[in-house]
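Below: the structure, in structure tokens.
Given the structure is predicted, the values throughout are model-derived calculations rather than measurements. Quick note: numbers below take in every heavy atom, side chains included, and nothing from hydrogens, waters or symmetry partners. Along the sequence shown, residues are numbered consecutively beginning with 1. When a ligand or atom number is given, it counts from 1 through the structure's own listing order.
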Amino acid sequence: MASFSIRFLGCKVSQTDAQEVRERLLADGHVESERADVAVVNTCCVTHEAVRKSRHAVSRAARTHRRVYVTGCGANLSGDAFAGMPANVTVIARPSEETPEVVAGDVGAIGCVQDDARLERVRAFVKVQDGCSFSCNFCVVPLVRGRSRSRRAAAVLAEIRRRVTQGHREVVLTGINLGCYRDREAGFTLARLVREAGQTPGLARLRLSSIEVNHVNDELVAALRETPTLARHLHVPLQSGDDRLLRAMARRYSSDTYLRRLAGLEDFNLTSDVIVGFPGEDELAFRRTLRVVRLAQITKVHVFPYSPRPGTRTAGADPVPAATKKERSARLRAASHEACLVRWRSKLGTEDVVLVDRPGRGYGDDYSPWLVDAPVGELVRVRATAVLEEGILAA
Ligand code: SF4
């Protein structure tokens with residue numbers, strides 16, 4: 001038996017992949033521990049900074065663990081992002097579906113002594129789809145994750161039932177390009193999956209992780225509206241509000257399309273990703289992004305200062321100075337924070353149900369952050385009494 005620790009960097013899909021490796025090691029009888037023999041680091045490569053942080057996490061783990069396995073997107077990046085690491089570091093450059101098996105095989109199985117391993121109980125991330133068949137010009141994800149493929153609906157629904165039985169109150173459907181979800185044989189689109197997943201007995205809340213605006217169509221919106229357990233939150237990447245840049249990114253929508261598709265979802269909390277300093281972004285283009293963020297009533301924006309990724313169509317271009325990216329990123333983050341405060345203030349005096357996911361904190365139905373005094377894992381009905389810089393104060 002080995003003891004192991006596991007961490008991930010990056011998105012919800014990376015978190016889900018780390019969870020799958022963890023489950024597999026627990027199922028094989030290994031024990032999770034802070035002071036472990038083996039460390040698994042599920043890495044990210046979406047930006048240059050993400051690779052730097054991943055490398056840092058791996059070198060730190062190599063100093064404190066006997067063996068370190070590097071998995072995830074960073075491990076699959078061309079050009080060996082982990083060259084020069086200590087001898088106790090093994091890079092597992094395999095598709096996510098194969099990674100748990102490969103890591104477990106190397107750590108050494110000792111038999112299935114725990115075939116229903118329990119993980120973090122608060123919120124379960126259930127991967128329904130992986131990979132992406134789009135080809136946005138800046139994006140390395142299709143190169144490291146491959147083409148889009150979906151899990152069978154029956155397997156997804158069974159996993160959701162299992163997670164609920166394990167005590168998870170909230171389930172998040174995750175995927176690299178969630179809207180591409182299809183189980184053609186069983187006749188499932190994402191909309192049907194949402195409807196059926198949302199009816200899982202005992203499930204308190206269903207959430208979508210991130211969805212491309214082109215997939216926010218009438219069928220999906222109807223499913224979101226008609227599924228009572230569905231959280232009123234959508235994360236819809238914008239990347240830019242400037243049509244010239246959207247074309248240069250090969251994003252397949254215009255700023256008008258983005259706004260039109262989200263019109264009518266005002267009761268949902270909209271959050272987004274934006275790339276700042278993409279090649280060709282001038283002040284006017286950046287202001288157009290600020291405008292679309294405002295018009296769409298986006299609250300939280302995850303700001304990604306552009307960094308060229310190896311193997312992508314824009315790998316050779318990075319003309320916007322770092323100082324300009326920094327300054328625009330700060331302006332966008334400030335606008336985002338102000339939009340969050342506006343939404344949070346609008347809740348003063350109203351009630352929500354908060355899932356407490358760490359001491360003193362949790363998220364409401366629409367993914368607004370609340371400051372609450374309740375045990376971790378509880379779903380608590382609260383009333384908003386004040387708004388602080390970090391969230392809504394609950395009573
Ligand atoms: S939709 Fe575009 S940005 Fe998103 S994973 Fe696919 S290629 Fe990357």
Side-chain angles (χ1 to χ4, degrees), residues 8-17 42-51 72-78 81 95-97 125 127-151 172-182 189-190 208-217 220 234-255 257-258 261-262 270-281 289 292-293 298 301-315 317-318:
F8 76 96
L9 294 97
C11 65
K12 300 282 187 285
V13 176
S14 175
Q15 181 171 3
T16 313
D17 290 346
N42 205 67
T43 57
C44 177
C45 67
V46 73
T47 58
H48 177 72
E49 181 64 7
V51 174
C73 287
N76 286 284
L77 192 65
S78 67
S96 61
E97 293 89 340
F125 295 93
K127 187 160 72 175
V128 307
Q129 180 275 346
D130 203 341
C132 182
S133 302
F134 292 5
S135 43
C136 300
N137 286 341
F138 56 83
C139 184
V140 74
V141 171
L143 305 177
V144 294
R145 291 225 167 234
R147 295 184 68 75
S148 176
R149 63 263 182 204
S150 300
R151 286 175 72 194
V172 186
L173 301 183
T174 67
I176 291 292
N177 198 334
L178 199 54
C180 289
Y181 180 81
R182 291 283 176 287
T189 57
L190 180 64
L208 301 188
S209 63
S210 171
I211 181 123
E212 291 292 326
V213 76
N214 288 334
H215 293 136
V216 183
N217 54 24
L220 182 65
L234 281 184
H235 185 83
V236 188
L238 169 64
Q239 308 305 9
S240 172
D242 181 85
D243 291 341
R244 179 177 53 84
L245 289 189
L246 287 171
R247 278 194 302 276
M249 291 174 174
R251 287 291 291 167
R252 304 172 175 214
Y253 55 83
S254 65
S255 54
T257 307
Y258 186 90
R261 292 239 173 185
L262 298 179
L270 298 177
T271 59
S272 193
D273 300 329
V274 168
I275 296 171
V276 168
F278 186 76
E281 185 190 77
T289 298
V292 175
V293 166
I298 292 166
V301 179
H302 297 277
V303 180
F304 295 91
Y306 173 75
S307 62
R309 308 310 303 127
T312 62
R313 288 198 189 85
T314 57
D318 191 14

* Asked: Between Ser148 and Asn177, is a side-chain hydrogen bond (donor to acceptor under 3.5 Å, both in side chains) present by the stated rule, with each step listed?
  -> CA-CA 7 Å; Ser148 176; Asn177 198 334; over 6 Å; no

* To do: Could you give me the CA-CA distance, side-chain angles and deciding distance for Arg252 and Glu212, then say whether salt bridge (Lys or Arg N to Asp or Glu O under 4.0 Å) is met?
  => CA-CA 10 Å; Arg252 304 172 175 214; Glu212 291 292 326; over 6 Å; no

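- Applying the ring pair (Phe, Tyr, Trp, His ring centres under 6.0 Å) criterion to Phe134, with sequence neighbours excluded, gives His215.
- Glu212 OE2, 3.7 Å is the protein heavy atom nearest to atom 4 (Fe) of ligand 1.
- Between Phe125 and Thr174 the shortest side-chain heavy-atom distance falls below 4.5 Å.
- Of the heavy atoms in Gln239, none comes closer than 4.0 Å to ligand 1.
- Close approach of ligand 1 to Arg251 (heavy-atom distance below 4.0 Å) involves ligand atoms 1 (S), 2 (Fe), 3 (S).
- Remark: Arg147 CZ is loosely packed, at most 12 non-hydrogen atoms of other residues, nucleotides or ligands lying under 6.0 Å away.
- The closest side-chain heavy-atom distance from Asp130 to Arg145 is below 4.5 Å.
- Checked by atom type and distance alone, the side chain of Tyr181 never pairs as donor or acceptor with a backbone atom of Gly175 at under 3.5 Å.
- Below the 2.8 Å limit, atom 8 (Fe) of ligand 1 has as protein N, O or S neighbours Cys139 SG.
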